[in-house]
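A quick write-up on the structure given underneath.
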Amino acid sequence: MSSSKGKDVAEASSSSANNSVSAAGDDHQQQKQQPAQLSRYESQKRRDWNTFGQYLRNQRPPVALSQSNSNHVLDFLRYLDQFGKTKVHLQGCVFFGQPEPPGPCTCPLRQAWGSLDALIGRLRAAYEENGGLPETNPFASGAIRVYLREVRDSQAKARGIPYKKKKKKRNLIKANHDHSNNPNFTTMQQRS
């Protein structure tokens with residue numbers, strides 16, 4: 001009886017191994033059928049695009065994506081402010097211009113400039129990926145750039161921290177390297 005019992009255990013483990021191989025094969029086939037996993041950026045871009053489309057559909061009267069312009073984009077950005085998490089002190093606030101205020105105040109929460117800038121970048125790319133022409137891209141208009149600059153400057157003043165554009169170190173190093181190998185390149189110091 002003991003040999004029969006051992007045989008049954010061996011057959012059971014053998015069949016479970018076959019089932020797990022079969023299950024692994026099924027998983028592999030399911031992965032092939034599912035579309036490739038989107039990157040975090042692509043997922044966010046799709047969500048942003050869908051949110052903007054929903055915003056336009058909720059307008060009275062609804063606005064088609066093809067009919068949207070920079071005014072719709074500006075309205076959308078202002079609409080998003082109500083969901084912001086960044087405290088932006090108003091001119092009359094006692095904490096205006098202080099980077100780390102010591103207490104609470106009633107100033108509004110807004111979308112941070114960096115978040116809006118990144119959002120516009122994603123929507124600008126999504127517009128063209130969805131068949132829009134670069135020349136008619138409402139997210140690339142001058143009015144949007146002006147609005148973003150005003151938001152950046154006002155938030156910097158409200159916090160008392162001036163915005164400084166980051167310099168691209170990589171290009172500076174490459175430019176210096178390129179010039180050092182060029183025998184015709186002379187700097188002002190070399191000439192004098």
Side-chain angles (χ1 to χ4, degrees), residues 37-176:
Q37 186 73 23
L38 293 177
S39 71
R40 187 172 159 201
Y41 171 79
E42 292 295 330
S43 297
Q44 186 64 53
K45 184 168 57 172
R46 180 180 287 178
R47 265 194 310 274
D48 293 339
W49 182 248
N50 291 337
T51 302
F52 181 68
Q54 186 64 48
Y55 172 80
L56 292 177
R57 285 189 294 278
N58 288 340
Q59 297 303 297
R60 295 290 163 238
V63 178
L65 275 166
S66 60
Q67 300 300 312
S68 66
N69 59 38
S70 61
N71 290 330
H72 295 110
V73 176
L74 290 171
D75 290 341
F76 177 64
L77 295 177
R78 290 184 193 108
Y79 159 78
L80 289 177
D81 259 346
Q82 67 183 311
F83 306 111
K85 297 176 183 154
T86 300
K87 178 77 73 169
V88 179
H89 299 289
L90 301 174
Q91 201 95 33
C93 177
V94 294
F95 301 132
F96 184 82
Q98 293 185 23
E100 296 186 31
C105 67
T106 59
C107 292
L109 293 173
R110 299 262 167 85
Q111 289 289 338
W113 166 78
S115 299
L116 293 176
D117 189 48
L119 170 70
I120 289 299
R122 291 189 300 268
L123 288 172
R124 185 177 182 172
Y127 179 84
E128 293 175 16
E129 287 173 10
N130 286 285
L133 297 173
E135 305 83 47
T136 61
N137 192 333
F139 304 101
S141 85
I144 304 302
R145 286 193 297 275
V146 167
Y147 176 79
L148 288 175
R149 190 178 317 119
E150 288 172 357
V151 168
R152 181 192 71 197
D153 293 347
S154 70
Q155 289 185 3
K157 284 180 188 169
R159 293 180 59 216
I161 301 172
Y163 171 78
K164 293 179 182 171
K165 189 170 186 174
K166 294 178 184 174
K167 294 184 180 179
K168 294 182 182 177
K169 294 178 184 176
R170 189 176 202 187
N171 290 341
L172 289 174
I173 293 169
K174 185 178 179 187
N176 288 340

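Because the structure is predicted, anything quoted here is derived from the model rather than measured.
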(message) For the CD atom of Gln59 and the CZ atom of Arg57, what is their distance to the nearest 0.5 Å?
(response) 11.5 Å
(request) Please confirm whether the backbone N or O of Ser39 pairs with a side-chain atom of Glu42, one donor and one acceptor, at under 3.5 Å? (result) no
(message) Is any side-chain heavy atom of Leu133 closer than 4.5 Å to one of Thr136?
(response) yes
(message) Quick check against the 3.5 Å criterion: does Gln111 have a side-chain atom that pairs as donor or acceptor with the backbone of Asp81?
(response) no
(request) Quick one: closest heavy-atom pair of Ala158 and Val88, and the distance? (result) CB-CG1, 4.0 Å
(request) Quick one: closest heavy-atom pair of Ala140 and Arg124, and the distance? (result) CB-NE, 3.3 Å
(message) For His72 versus Ser68, what's the shortest heavy-atom pair and its separation?
(response) ND1-CA, 3.5 Å
(request) For the residue pair Leu77 and Leu119, establish whether any side-chain heavy-atom pair is separated by less than 4.5 Å. (result) yes
(request) Starting at CG of Leu116, measure out to CZ of Arg152 and round the result to the nearest 0.5 Å. (result) 13.0 Å
(message) With a 4.0 Å cut-off on N to O distance, would you call Asp75 and Arg78 a salt bridge?
(response) yes
(request) For residues Lys85 and Leu109, determine if any side-chain heavy atom of one lies less than 4.5 Å from a side-chain heavy atom of the other. (result) no
(request) State, with a plain yes or no, whether a side-chain heavy atom of Lys87 is found less than 4.5 Å away from one of Cys105. (result) yes
(request) Side-chain contact test, heavy atoms from C-beta onward, threshold under 4.5 Å: evaluate it for Leu148 versus Trp113 and give yes or no. (result) yes
(message) Side chains of Gln54 and Asn50: any donor to acceptor distance under 3.5 Å?
(response) no
(message) I'd like to know if the side chain of Lys157 and the backbone of Gln91 have a donor-acceptor N/O pair within less than 3.5 Å.
(response) no
(request) Please report the shortest heavy-atom distance between Ala112 and Thr86, naming the atom on each side. (result) CB-OG1, 3.3 Å
(request) Using a strict cut-off of less than 4.0 Å between a Lys/Arg side-chain nitrogen and an Asp/Glu carboxylate oxygen, indicate whether Glu100 and Arg159 qualify as a salt bridge. (result) no
(message) I need the Arg122 CZ to Ser43 OG distance, nearest 0.5 Å.
(response) 11.0 Å
(request) Search all heavy atoms of Phe95 against all heavy atoms of Pro104 and return the closest pair with its distance. (result) CE1-O, 3.4 Å
(message) For Phe76, run the ring pair (Phe, Tyr, Trp, His ring centres under 6.0 Å) check against Phe83, Tyr55, Tyr147, Trp49 and tell me which one passes.
(response) Tyr55
(message) Would you compute the distance between atom CZ of Phe139 and atom CG of Leu123 and round it to the nearest 0.5 angstrom?
(response) 4.5 Å
(message) A side-chain contact here means heavy atoms from C-beta on lying under 4.5 Å apart; do Val73 and Phe52 qualify?
(response) yes
(request) Report the C-alpha separation of Arg46 and Leu38 in whole Å, then their side-chain angles, then the decisive distance to 0.1 Å, and conclude whether the side-chain contact (heavy atoms from CB on, under 4.5 Å) test is met. (result) CA-CA 10 Å; Arg46 180 180 287 178; Leu38 293 177; 3.5 Å; yes
